[in-house]
Structure formats: C-alpha cells, structure tokens
Visitor: 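Below is the structure I would like to discuss, written out as structure tokens.
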Amino acid sequence: MICNDYFRYSCHSYHPCTRRNLSDDNMPLLHKYLSPLLARPRFLLVALLALALLAPFVWPILSALFSTKVVVLTAIKGDITQSIVASGKVRTPQRVELASQITGRVSQILASEGQLVHAGQVLIEMDDAEWRAAVAQAKAALAQSETKQAQTRQLALPLALQAQRQAEANQVQARQHFARTRELVAQGFYSRTQLDDAQRNLNVAESQWQATQLQTQSSEAGGSDYRLAQIAVDQARASLQVAQARLSYVRIGAPLAGTVLSRSVERGDTAQPGKVLMTLSPTGTTELVVQIDEKNLRLLKLGQKALVSADAYPEQRFTAEIIFISPAIDPLRGSVEIRLRVTEMPEAPDYLRQEMTVSVDITTAQRTDALVVPLDAIHGGDSAEPWALVVRDGRAQRQPLVLGLRGGGKVEILHGVAQGELLVPAGNASVRDGSRVRPVAG
C-alpha cells in the first residue's frame, strides 16, 4: 500500500500508513471516500492530467476572483485644443484728461458722465469778459503800431527826403559862399574873420546834409526806424494772438470723439490751470488687459486668437487678438501682462465699459487626430517625469509618458501609451504598480 503524505499530515483519520487508529464515526466523509482513491498512482496521474487540461479555463476565473475591480480610462484618437483661461479688464489705449489752461469761473457744463461726444464739441465754458477785453486791448495796440508804421512810410520818409534836399541846397550855397569869400580875402577885400565865418557856415551845412541823409536812410525800407515800426507791429500782432488764444481757452472742447468717463467740476467753480475737470475715453480701438501666470508665458505668441465674454453679458462672445506681451514679469503676482485687441468688428461691442471684467479664453495650439487620454489618468502631470498606470496582462504597470497639448480635461500622449490601452485613474490610490486589476469601462 502506497502512503499518501498529504493525508498523513492533513487527515488525522484511519489510514493504513498512519499509526493512529480513529473510529469511522469521527472521520470526515471526504477523507473517508477519497483516501483510498488517492492512494492509487493511476488516479493521481489522471487527476494531474485533468488539472492541466482545465488550467486555461480555470485560471482566468481564479484571477478574476482574486483581482481588484477597477474603472479604467481609454486612450483614444481625437481632436484637442490647448487654451489659457484668465480674467482681465477693458481699457482704451489712452485716456484724455481735460483741464483748464487759465484761471476762470465755470459758467456752463455742456456734457455729463457717460455721454458720447464728437471731436470739437464744447464741454465746459468759463466766463470770458476779462479775456474779451484783453483781445480788444490787443487789437487797439496792433492798430496803433500799424498806423505808426504807415506814418513812417507815408510821412517820415518824404519829410526826410525834403530835408535832405534842403540841406543839400544849403550845402551847395555855403560852399559857393566860402569860395567867393576866400577869393575876396585873397584880393584884400574881406578880412580873415569873414573867411572863418564862411568856413563855419559851410561846415554846418555839410553836417546838416549828412544828418538828413542818415534820417532818410533810417526811414526807408530796411532802415532802423522802419524796422522798429515793423517790430512794433509784429509784437502787437503776437499780443493779439495770445489774447485770442486765451479767449479760446474759456471753452474746453473734446479733442476727439469719445465718451465722458468722469467729471470733477460744477457750475460756478473756479478752474485752475492744470486741474483735471473731465476724463474722456476716446472712441476707437478697445484693448483688453489680462494678467497671465508666468508659467504659461512659453505658450503665448503675438497674433493668437481669443474668445472673450464680459462677466455682465456671459451669453455674448466676441473675438480678440494678442497685440502685446509685456517684456517684464510682475514680481509680486508672478504674472505677465498681455493686451488684446477686439477683432470681430471695427469697434468694440456697445455694452463694453471702461474697467469692465471680462473672461478670456486664449487658444494657444490645436491638433487633430491626436492620441488623447483624460487628464485624470496622469500622475505628476506638472512634473518633468509624468507617468500613468497602464493595464497590461491583468496587472497595473507604471509607464513613463511624454505629454503634448492639454485642454478640455484631456492631454495628448506623444509617447508611452498606444491607442486603445487602458489606464487606471490617478485618484485610485488602492491600485499600485504590479497590482492585479480587473478593468471595467467607466
């Protein structure tokens, strides 16, 4: 009789090979009937052969019984759009601050906050009595200077010419008298004293002629008197222009079309030079100013498109384009400022207001027919070595990944996973590398 070791140590019942002699009533029923069979070599051979034949069918069942049921995610082909979402403010490229250039009392305010105004429209008026009087005074001074210039040209020059001719005639007469006197003195008819008197008269006549000649030259065009008269006219004309300019300052107008944003003056106030009275937002290109986290700076490029909606009108959307990326990073917020220009229409939507909050969705990249998986399947997605647990041969296997675009809750897989492979969600902490898993579609 062959001894069955298994039953020797596992079955403490009656057996020919055991030294213990127990009653049949205490022996388990299974051992009672199988023990004789297992003691036969032929039966053992048949049993082993049966197990070998049934193993391919039994093993999956046993594996399923002892594996963890896991909801998995599938790597599929699809389109992916990478974008950056941020909030920003509506701002015009510039603001015009209107202030008075003179001191004056405000008499009228012709525009209110929020009003659309056109270029040249008068917005504020001040009392102009003083400045009108200054203009009248300047006009009188100009008229006086022009009259004096005309007098120089019409009277002074002819008088100087007449005086020059008279002096010239006196000079000729004095020269002739001196010549005759000199001859008579030589002949002994006149004394030396008479010759001295003739010489003195000749010197005086020549001096008068020279003086009248200088006076004529001064009164002619280009002469000193003429130039002084012209300078006086120019000065008076400039004074009139200054007075007229100051008179125009009493009316403060819009330098260009736009919207009145604020007003800090009331009728009766005294305006001081340089004090801001109104702020105007010019009509034209409206910019969106957005602060983007500096970690996304590498994704931004000039010309990228964005979809924008105002928080006050979320159902209405319009497009914008990046036109400026700041070269500096804000050290306090760790962000970079960008500016976008509205591109959907010639002008920004009517409902946009200065400093209005907007949501901006900037499209940074797009790809079609890419291998994508849900972002929930990735471990360490922001690290330099992302990975995932991929189900292979019934076990979870750690697989390093090379990632591409991200967006819409999905991430592109460039390397590490094939289409159709199953991935364990990163939030499932019960599954680790090497764990047996039974995948279930989510």
Visitor: Are side-chain heavy atoms of Thr364 and Gln304 found at a separation under 4.5 Å?
Guide: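 Yes, at least one pair of side-chain atoms sits under 4.5 Å.
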Visitor: Does a side-chain heavy-atom distance below 4.5 Å link Ile323 with Leu340?
Guide: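 No, too far: nothing below the 4.5 Å cut-off.
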Visitor: Could you tell me whether Glu321 and Lys305 make a salt bridge, using a distance below 4.0 angstrom between a side-chain N and a carboxylate O?
Guide: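 Yes, Glu321 and Lys305 are salt-bridged.
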Visitor: Going by heavy atoms in the side chains, are Tyr313 and Leu352 under 4.5 Å from each other?
Guide: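 SC-SC contact between Tyr313 and Leu352 ruled out.
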Visitor: How would you list, by chain and number, every residue that makes a side-chain hydrogen bond (donor to acceptor under 3.5 Å, both in side chains) with Glu97, sequence neighbours excluded?
Guide: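 For Glu97 there are no side-chain hydrogen bond (donor to acceptor under 3.5 Å, both in side chains) partners, ignoring immediate neighbours.
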Visitor: Mind jotting down which residue pairs meet the salt bridge (Lys or Arg N to Asp or Glu O under 4.0 Å) criterion with at least one end in residues 361-379? Sequence neighbours excluded, please.
Guide: Arg367-Glu412
Visitor: Keeping to residues at least two apart or across chains, list the side-chain hydrogen bond (donor to acceptor under 3.5 Å, both in side chains) pairs with something in residues 419-432.
Guide: Arg392-Glu421, Asn428-Ser430
Visitor: Counting distance only, does the side-chain N/O of Arg91 pair as donor-acceptor with the main-chain N or O of Glu287 below 3.5 Å?
Guide: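 Absent.
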Visitor: Rounded to the nearest 0.5 Å, how far does CG of Asp330 lie from OG of Ser335?
Guide: 4.5 Å
Visitor: I'd like to know whether NZ of Lys77 has more than 12 heavy-atom contacts from other residues, nucleotides or ligands below 6.0 angstrom.
Guide: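 Yes, because the 6.0 Å sphere around NZ of Lys77 holds more than 12 heavy atoms from other groups.
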Visitor: A side-chain contact here means heavy atoms from C-beta on lying under 4.5 Å apart; do Ile84 and Leu299 qualify?
Guide: yes
Visitor: Asp382: which residues meet the side-chain hydrogen bond (donor to acceptor under 3.5 Å, both in side chains) condition with it, sequence neighbours left out?
Guide: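 Asp382 satisfies side-chain hydrogen bond (donor to acceptor under 3.5 Å, both in side chains) with Arg406 only.
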Visitor: Not counting sequence neighbours, list each pair that qualifies as a ring pair (Phe, Tyr, Trp, His ring centres under 6.0 Å) and has a residue in residues 250-269.
Guide: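 As it turns out, there is no ring pair (Phe, Tyr, Trp, His ring centres under 6.0 Å) pair with a partner in residues 250-269 once direct neighbours are skipped.
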Visitor: Arg132: which residues meet the side-chain hydrogen bond (donor to acceptor under 3.5 Å, both in side chains) condition with it, sequence neighbours left out?
Guide: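 Here the qualifying residues are Asp128.
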Visitor: Return the minimal non-hydrogen interatomic distance between Pro400 and Trp387, and the atom names on each side.
Guide: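 Looking at all heavy atoms of both residues, the closest pair is CA-CB, 4.1 Å.
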Visitor: Would you indicate whether Gln115, at its atom CD, is surrounded by more than 12 heavy atoms from other residues, nucleotides or ligands within a distance under 6.0 Å?
Guide: yes
Visitor: Answer yes or no: are there more than 12 heavy-atom neighbours, outside Glu355 itself, under 6.0 Å from its atom CD?
Guide: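 Enclosed.
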Visitor: Taking the side chain as every heavy atom from C-beta outward, state whether Ile338 and Ser326 have any atom pair closer than 4.5 Å.
Guide: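 Side chain of Ile338 against side chain of Ser326, heavy atoms only: no contact under 4.5 Å found.
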Visitor: Measuring from Glu337:CD to Ile329:CD1, what's the distance to the nearest 0.5 Å?
Guide: 11.0 Å
Visitor: Please report the interatomic distance CD1(Ile322) to CD1(Ile292), rounded to the nearest 0.5 Å.
Guide: 7.5 Å
Visitor: State, yes or no, whether a side-chain contact exists between Val85 and Val360 at a heavy-atom distance under 4.5 Å.
Guide: no
Visitor: Under 3.5 Å, which donor-acceptor pairs link side chains of residues 117-125 to any protein atom two or more places apart or in another chain?
Guide:
unit_1: His118; atom_1: NE2; unit_2: Gln121; atom_2: OE1; d: 3.4
unit_1: Gln121; atom_1: OE1; unit_2: His118; atom_2: N; d: 3.2
unit_1: Glu125; atom_1: OE1; unit_2: Gln108; atom_2: NE2; d: 3.1

Visitor: Start with the C-alpha distance between Leu423 and Leu389, add both sets of side-chain angles, then the distance that settles side chain to side chain contact (heavy atoms under 4.5 Å, CB included), and finish with yes or no.
Guide: CA-CA 6 Å; Leu423 291 82; Leu389 288 175; over 6 Å; no
Visitor: After noting the C-alpha distance and the side-chain angles of Thr357 and Lys89, does the key distance pass the side chain to side chain donor-acceptor pair (under 3.5 Å) rule?
Guide: CA-CA 5 Å; Thr357 301; Lys89 296 289 185 180; 2.8 Å; yes
Visitor: Verify the neighbour count for atom CD of Gln235: are there more than 12 heavy atoms of other residues, nucleotides or ligands below 6.0 Å?
Guide: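 It does not: Gln235 CD has 12 such atoms or fewer within range.
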Visitor: Who passes side-chain hydrogen bond (donor to acceptor under 3.5 Å, both in side chains) against Asp433, sequence neighbours left out?
Guide: none
Visitor: For the atom pair CH2 (Trp131) and CZ (Arg246), what is the distance rounded to the nearest 0.5 Å?
Guide: 5.0 Å
Visitor: If every non-hydrogen atom of Ile109 is compared with every non-hydrogen atom of Arg267, which pair is closest and at what distance?
Guide: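 Closest approach of Ile109 to Arg267, heavy atoms only: CD1-N, 3.5 Å.
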Visitor: Please name the pair of heavy atoms, one in Leu405 and one in Ala365, separated by the smallest distance, quoted to 0.1 Å.
Guide: CD2-CB, 3.7 Å
Visitor: Which residues pass the side-chain contact (heavy atoms from CB on, under 4.5 Å) test with Pro374, not counting sequence neighbours?
Guide: Leu73
Visitor: Please round to the nearest 0.5 Å and tell me the distance separating atom CD of Gln399 and atom CD1 of Ile413.
Guide: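 Atom-to-atom, Gln399:CD and Ile413:CD1 are 10.0 Å apart.
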Visitor: Could you tell me whether Gln316 atom CD has more than 12 heavy atoms of other residues or ligands within 6.0 Å of it?
Guide: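 Result for CD/Gln316: enclosed.
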Visitor: Got Leu403 and Pro386 here, is their nearest side-chain heavy-atom distance under 4.5 Å?
Guide: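 Yes, side chains in contact.
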Visitor: Rounded to the nearest 0.5 Å, what separates atom OG in Ser100 from atom CG in Asp269?
Guide: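 Between atom OG of Ser100 and atom CG of Asp269 there are 12.0 Å.
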Visitor: Is it the case that the side chain of Thr368 and the backbone of Asp79 share a donor-acceptor pair, with hydrogens and angles ignored and the cut-off at 3.5 Å?
Guide: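 No, because the side chain of Thr368 does not come within donor-acceptor range (under 3.5 Å) of the backbone of Asp79.
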Visitor: Which residues pass the salt bridge (charged side-chain N to carboxylate O under 4.0 Å, His left out) test with Arg263, not counting sequence neighbours?
Guide: Glu266
Visitor: Restricting to salt bridge (charged side-chain N to carboxylate O under 4.0 Å, His left out), what partner residues turn up for Asp234, sequence neighbours left out?
Guide: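 Expected list: Arg237.
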Visitor: Do Val373 and Ile378 have side chains that get closer than 4.5 Å, going by heavy atoms?
Guide: yes
Visitor: Which donor-acceptor pairs under 3.5 Å do side chains of residues 247-260 form with protein atoms, sequence neighbours excluded?
Guide:
unit_1: Ser248; atom_1: OG; unit_2: Ala245; atom_2: O; d: 2.5

